[in-house]
Amino acid sequence: MADQGAEARELPEDVLIGRNAVTEALRAGRGINKILLADGDREGQVSEIVALAKERGIVLQFVERGKIESVAGGLRHQGVLAYVAPVAYAELDDILAKAEAAGEPPFLLLLDELEDPHNLGALLRTADATGVHGVLIPKRRSVPLTATVAKTSAGAVEYVPVARIGNISQTLKALKEKGFWVAGADMDGSQNYYEADLTGPLVLVVGSEGKGMGRLTKEQCDFIVKMPMVGKINSLNASVAGSILMYESMRQRLAKKS
């Protein structure tokens with residue numbers, strides 16, 4: 001139990017606490033990254049929160065009450081805490097429908113377990129500049145949309161739809177069945193990025209910092225491209241590599257139009 005005499009500190013801007021606040025955020029369709037519930041609280045309004053979260057595919061975690069208290073810092077939380085996104089997440093089907101309505105081949109960026117919010121923000125900024133229709137991120141083991149991501153994106157988070165997906169391999173398989181080509185970025189790629197055809201319905205896949213693409217993700221790629229390097233360091237920052245690929249795809253698309 002929190003010390004009621006202690007001074008409550010201000011909540012982080014990406015945190016909501018309390019049963020009513022979280023329930024209303026769920027009902028309103030607000031972007032929510034994850035909900036923490038205190039162990040043992042599964043009745044009344046909490047059961048409604050669980051049902052709404054499951055309906056929307058939001059990650060739920062039952063944790064010790066002390067974990068919620070450490071974030072709430074003396075404010076009344078009722079055993080409920082939500083980490084919220086600065087904007088609502090999009091649905092993949094809506095992203096594809098918007099591209100179709102614009103008469104453009106869908107152009108997607110999929111991030112395979114990216115962990116750094118600054119990299120995600122930078123990639124969103126480039127995605128906006130290069131005409132990417134949407135960015136896909138896994139629901140688990142991936143950085144979500146946060147205040148840091150929004151700030152780093154310089155406003156792009158308001159314009160580039162971001163959809164959260166479950167299984168990456170299954171999502172890529174489904175997109176390939178819809179006519180997409182999947183291009184992955186890896187230093188072991190078989191061709192230089194500027195030699196590959198990056199037009200048409202396309203998913204660009206950028207791996208995580210350090211590990212790169214996972215094995216199952218690689219297996220779903222139709223082709224894997226590399227970037228020639230002549231320096232002493234044999235890899236690029238994930239956001240830099242992704243940005244180079246997005247700009248090359250845009251260059252090719254514009255050249256096809258002219």
Side-chain angles (χ1 to χ4, degrees), residues 92-93 95-96 99-100 102-116 119-120 122-138 141-142 160-231 233-258:
L92 177 53
D93 287 345
I95 292 172
L96 300 182
E100 185 179 357
E104 298 170 348
F107 180 17
L108 304 176
L109 175 69
L110 190 151
L111 306 176
D112 187 2
E113 299 184 11
L114 203 72
E115 296 170 353
D116 188 333
N119 278 339
L120 178 52
L123 284 164
L124 286 171
R125 193 170 182 177
T126 306
D128 177 59
T130 55
V132 169
H133 293 104
V135 175
L136 312 182
I137 59 175
R141 296 186 299 278
S142 170
V160 181
V162 177
R164 298 181 94 190
I165 58 174
N167 184 287
I168 292 175
S169 184
Q170 287 176 6
T171 299
L172 289 176
K173 198 175 291 185
L175 286 169
K176 287 166 75 171
E177 288 171 0
K178 291 177 184 288
F180 277 81
W181 289 89
V182 179
D186 193 272
M187 296 313 296
D188 297 327
S190 58
Q191 60 187 138
N192 290 321
Y193 73 95
Y194 49 80
E195 295 169 335
D197 183 353
L198 300 179
T199 61
L202 181 74
V203 187
L204 285 178
V205 184
V206 174
S208 65
E209 305 88 351
K211 294 185 297 182
M213 286 188 295
R215 179 181 61 83
L216 294 175
T217 303
K218 268 188 183 181
E219 288 175 2
Q220 288 301 325
C221 292
D222 293 302
F223 53 95
I224 296 175
V225 298
K226 62 183 178 180
M227 295 169 195
M229 304 183 76
V230 297
I233 298 171
N234 66 352
S235 65
L236 287 174
N237 171 280
S239 66
V240 173
S243 295
I244 290 170
L245 287 174
M246 284 186 275
Y247 263 103
E248 175 60 18
S249 180
M250 183 183 75
R251 183 193 69 78
Q252 292 183 18
R253 287 164 191 267
L254 290 174
K256 236 179 181 180
K257 279 184 178 179
S258 60

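These values consider heavy atoms only, across backbone and side chains, with no hydrogens, waters or symmetry-generated copies.
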>> Does atom CD (Q191) have a neighbourhood of more than 12 heavy atoms from anything else shown, all under 6.0 Å?
In response: yes
> Can you check whether L198's main-chain N or O pairs, donor with acceptor, with S249's side chain at less than 3.5 Å?
Replying inline: yes
> About how many Å separate CG of L92 and CG of L136, when rounded to the nearest 0.5 Å?
Replying inline: 5.5 Å
> Is there a side-chain contact between L245 and V225 (heavy atoms, below 4.5 Å)?
Replying inline: yes
> Quick one: which of K218, R215, K226 gives a salt bridge (Lys or Arg N to Asp or Glu O under 4.0 Å) with D186?
Replying inline: K218
> Is any side-chain heavy atom of Q170 less than 4.5 Å from a side-chain heavy atom of Q220?
Replying inline: no
>> I'd like to check L120 versus E115 (side-chain heavy atoms, cut-off strictly below 4.5 Å). Are they in contact?
In response: no
> Quick one: does D128's side chain get under 4.5 Å of V135's, heavy atoms only?
Replying inline: no
> What's the verdict on side chain to side chain contact (heavy atoms under 4.5 Å, CB included) for L172 and V203, showing C-alpha distance, side-chain angles and the deciding distance?
Replying inline: CA-CA 8 Å; L172 289 176; V203 187; 3.9 Å; yes
> Rounded to the nearest 0.5 Å, how far does CG of L216 lie from NZ of K173?
Replying inline: 9.5 Å
>> Check whether R253 reaches the backbone of T130 with its side chain - one donor and one acceptor, N or O, closer than 3.5 Å.
In response: no
> What is the minimum heavy-atom distance between E248 and Y194, and which atoms define it?
Replying inline: OE2-CA, 3.7 Å
> Are F107 and P201 side-chain neighbours, meaning at least one heavy-atom pair lies under 4.5 Å?
Replying inline: no
>> Does L204 form a side chain to side chain contact (heavy atoms under 4.5 Å, CB included) with V132? I'd like the steps, not just the answer.
In response: CA-CA 10 Å; L204 285 178; V132 169; over 6 Å; no
> With no hydrogens and no angle check, is any side-chain donor or acceptor of H133 less than 3.5 Å from a backbone partner on L108?
Replying inline: no
> Within the distance-only criterion (no hydrogens, no angle test), does the side chain of E195 pair as donor or acceptor with the backbone N or O of N192 below 3.5 angstrom?
Replying inline: yes
> Looking at I137 and S142, what are the two nearest heavy atoms and their distance?
Replying inline: CB-OG, 3.9 Å
>> Apply side chain to side chain contact (heavy atoms under 4.5 Å, CB included) to residues L202 and D197 and explain how you reach the verdict.
In response: CA-CA 10 Å; L202 181 74; D197 183 353; over 6 Å; no
>> Here's a test for you: under side chain to side chain contact (heavy atoms under 4.5 Å, CB included), which of D112, L110, L111 qualifies with V206?
In response: L111
> Taking the side chain as C-beta and beyond, is there a heavy-atom pair between P105 and W181 under 4.5 Å?
Replying inline: no
>> Taking M213's backbone N and O only, do any of them form a donor-acceptor pair with T217's side chain (distance below 3.5 Å, no angle check)?
In response: no
>> Can you tell me which residue among N119, D116, T126 is in a side chain to side chain donor-acceptor pair (under 3.5 Å) with S239?
In response: N119
> Under 6.0 Å from the CZ atom of R164, do we count more than 12 heavy atoms belonging to anything else shown?
Replying inline: yes
> Which is it for L124 and L109 under the side chain to side chain contact (heavy atoms under 4.5 Å, CB included) test, yes or no, and what are the steps along the way?
Replying inline: CA-CA 9 Å; L124 286 171; L109 175 69; over 6 Å; no
> What is the distance from atom CG of L254 to atom CD of Q252, rounded to the nearest 0.5 Å?
Replying inline: 10.5 Å
>> Please give me the minimum heavy-atom distance between A238 and G207, naming the atom from each residue.
In response: CB-O, 4.0 Å
> N237 side chain to V240 main-chain N or O, any donor-acceptor pair under 3.5 Å?
Replying inline: yes
>> Looking at G212, is its backbone amide N or carbonyl O close enough to the side chain of E113 to form a donor-acceptor pair, meaning the two atoms are under 3.5 Å apart?
In response: no
> Considering all heavy atoms of both residues, which atom of Y193 and which atom of M227 are nearest to each other, and what is their separation?
Replying inline: CD2-CG, 3.7 Å
